[in-house]
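We count ligands from 1, going down the list as the structure has it; atoms in each ligand are counted the same way. As a basis for the values below, the full set of heavy atoms in this structure was taken, side chains included, without hydrogen atoms, waters or symmetry mates.
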Amino acid sequence: MKKTRLCDLLGIDYPVIQAPMNLITGAELASAVSNAGGLGVIGPNAGAREETNDVVETGERLRQQIRKTKSLTNKTFGVNLMCASTDLRPDSKPFSDQCTKVVVEEGVPVAVLAGDEPERYVKQLKGAGIKVLHRALPVNVEIAKRAEQSGIDAFIAVGFEGGGHTGFHRVPTFVLVPQVVDALQIPVIAGGGIVNGRSMAAALALGAEGVYIGTGFIVATECPAHQNVKWAIISASDTSTTTIAGLGGIVLRALKTPLIERCIQMEANGNATEEITKLYRSGYRKGMLEGDRERGTFIFGAGAGSIQELKSAGEIVKNIIEETEQILQTL
Ligand SMILES: Cc1cc2nc3c(=O)[nH]c(=O)nc-3n(C[C@H](O)[C@H](O)[C@H](O)COP(=O)(O)O)c2cc1C
């Protein structure tokens, strides 16, 4: 496949980025994606079964995952760092500061900054020779233009279809990506609902120079998400996921499970978003790692309806690239 500017920037063969996902994107998955020619990204609390409230321990856990990834691949990989303001994630800054310090100390090649304050870490990371990709949350064209000014290397635009938290502007991928591409000079990476070669070819046609895939990698053999979550993705339809507004108006997309239905009811009753956010967050580990569909949350995107098989991460990358090439030749 023809390389894009993103491939040259990151030194990767294929512009496929495995999106980071809390607790379920560790060294095994990230290294498998990088070994297949894409960019694997270590997510928050990677390799852990539980989050910790200890800032230093969070940083040391990350350091172990970075070292493990280095032992499993000699290719480029990334680490997700949160740059959320206190409106969106109160108390998260000390954790992000510590993880950024570890990323610099360990000489990680790429950082994926997610949130609404990229300027907080860009200078520090770039000064250490680290490439910075920024996933804006929330996202729209104006936010993308401002982010470009902060000195990031590439911008990740995730549409409303995406799994997990998406922006309160609720702009779908097909609408967001071409408009962001027109507004920026730097490479744009498209995310949200991209699961196969058809959606990757569409993203490239919209002007994106790479794709950002979360839900599509939950079904990877190397992803520690519970089998119940993987099977829920395989059996999902186009209408299986729903959205609810969380803290700061940020929207969560997830499978309609009983806990999420309760959140929707709370929303209708006018309960505070703090309360709703606390409830859905309480179900994350229970759902994603323990597979408890009754009391947990199964977080994934609307693209799940197009995913039919469990595969290794390497096969996922290979199949997407082969299908994309085939489509681009046929069109
Ligand atoms: C289960 C789950 C957990 C997520 N956790 C994080 C996270 O910790 N940090 C982050 O920046 N994005 C997180 N995301 C968002 C993804 O990185 C990405 O934006 C999204 O999955 C892309 O859309 P897709 O799921 O349609 O591929 C999460 C998404 C999912 C599905």
Nitrogen or oxygen of Ile299 less than 3.5 angstrom from that of ligand 1: no
Tyr284 N/O under 3.5 Å from ligand 1 N/O: no
Interfacing atoms of ligand 1 (cut-off 4.0 Å, heavy-atom, Met288): 1 (C)
Same cluster (ILVMFWY, side-chain, under 4.5 Å), Tyr280 and Met21: yes
Ligand-side contact atoms (ligand 1) for residue partner Pro44, heavy atom cut-off under 4.0 Å: 8 (O)
From CA spacing to verdict: salt bridge (Lys or Arg N to Asp or Glu O under 4.0 Å), Glu290, Arg295: CA-CA 10 Å; Glu290 295 173 9; Arg295 289 175 305 156; 5.9 Å; no
Donor on one side chain, acceptor on other, Thr241 and Arg253, under 3.5 Å: yes
Minimum-distance protein heavy atom relative to atom 18 (C) of ligand 1: Ala19 CB, 3.7 Å
Reference residue Ile42; test side-chain contact (heavy atoms from CB on, under 4.5 Å); the match among Thr25, Ile66, Val112: Ile66
Any Met288 side-chain heavy atom under 4.5 Å of His226 side chain: no
Neighbour count >12 (heavy atoms, 6.0 Å) for atom CG, Asn269: yes
Close N or O approach (Gly163, ligand 1; < 3.5 Å): yes
Ligand 1 versus Asn80: contacting region, heavy-atom distance under 4.0 Å: side chain
Heavy-atom nearest neighbour in the protein, as seen from atom 25 (O) of ligand 1, with distance rounded to 0.1 Å: Thr215 OG1, 2.5 Å
Heavy-atom side-chain proximity of Asn45 to Glu50 below 4.5 angstrom: no
From Ile321 atom CD1 to Tyr14 atom OH, the distance as rounded to the nearest 0.5 Å: 6.5 Å
The one among Cys223, Gly193, Gly301, Gly214 that brings a heavy atom closest to atom 26 (O) of ligand 1: Gly193
Sidechain N-carboxylate O distance under 4.0 Å for Glu322, Lys318: yes
Any N or O of Gly216 closer than 3.5 Å to N or O of ligand 1: no
Best match, Pro20, Gly164, Gly192: closest heavy atom to atom 13 (C) of ligand 1: Pro20
Subset of ligand 1 atoms that lie under 4.0 Å from at least one heavy atom of Arg135: 12 (N), 15 (C), 19 (O)
Nearest neighbour in protein (non-hydrogen) for atom 28 (C) of ligand 1: Met21 CG, 3.6 Å
Closest to atom 8 (O) of ligand 1 (judged by heavy-atom distance), picking from Asn22, Leu113, Leu137, Ile213: Asn22
Interfacing atoms of ligand 1 (cut-off 4.0 Å, heavy-atom, Ala114): 11 (O)
Distance-only polar pair, side chains of Glu275 and Asn271, donor-acceptor under 3.5 Å: yes
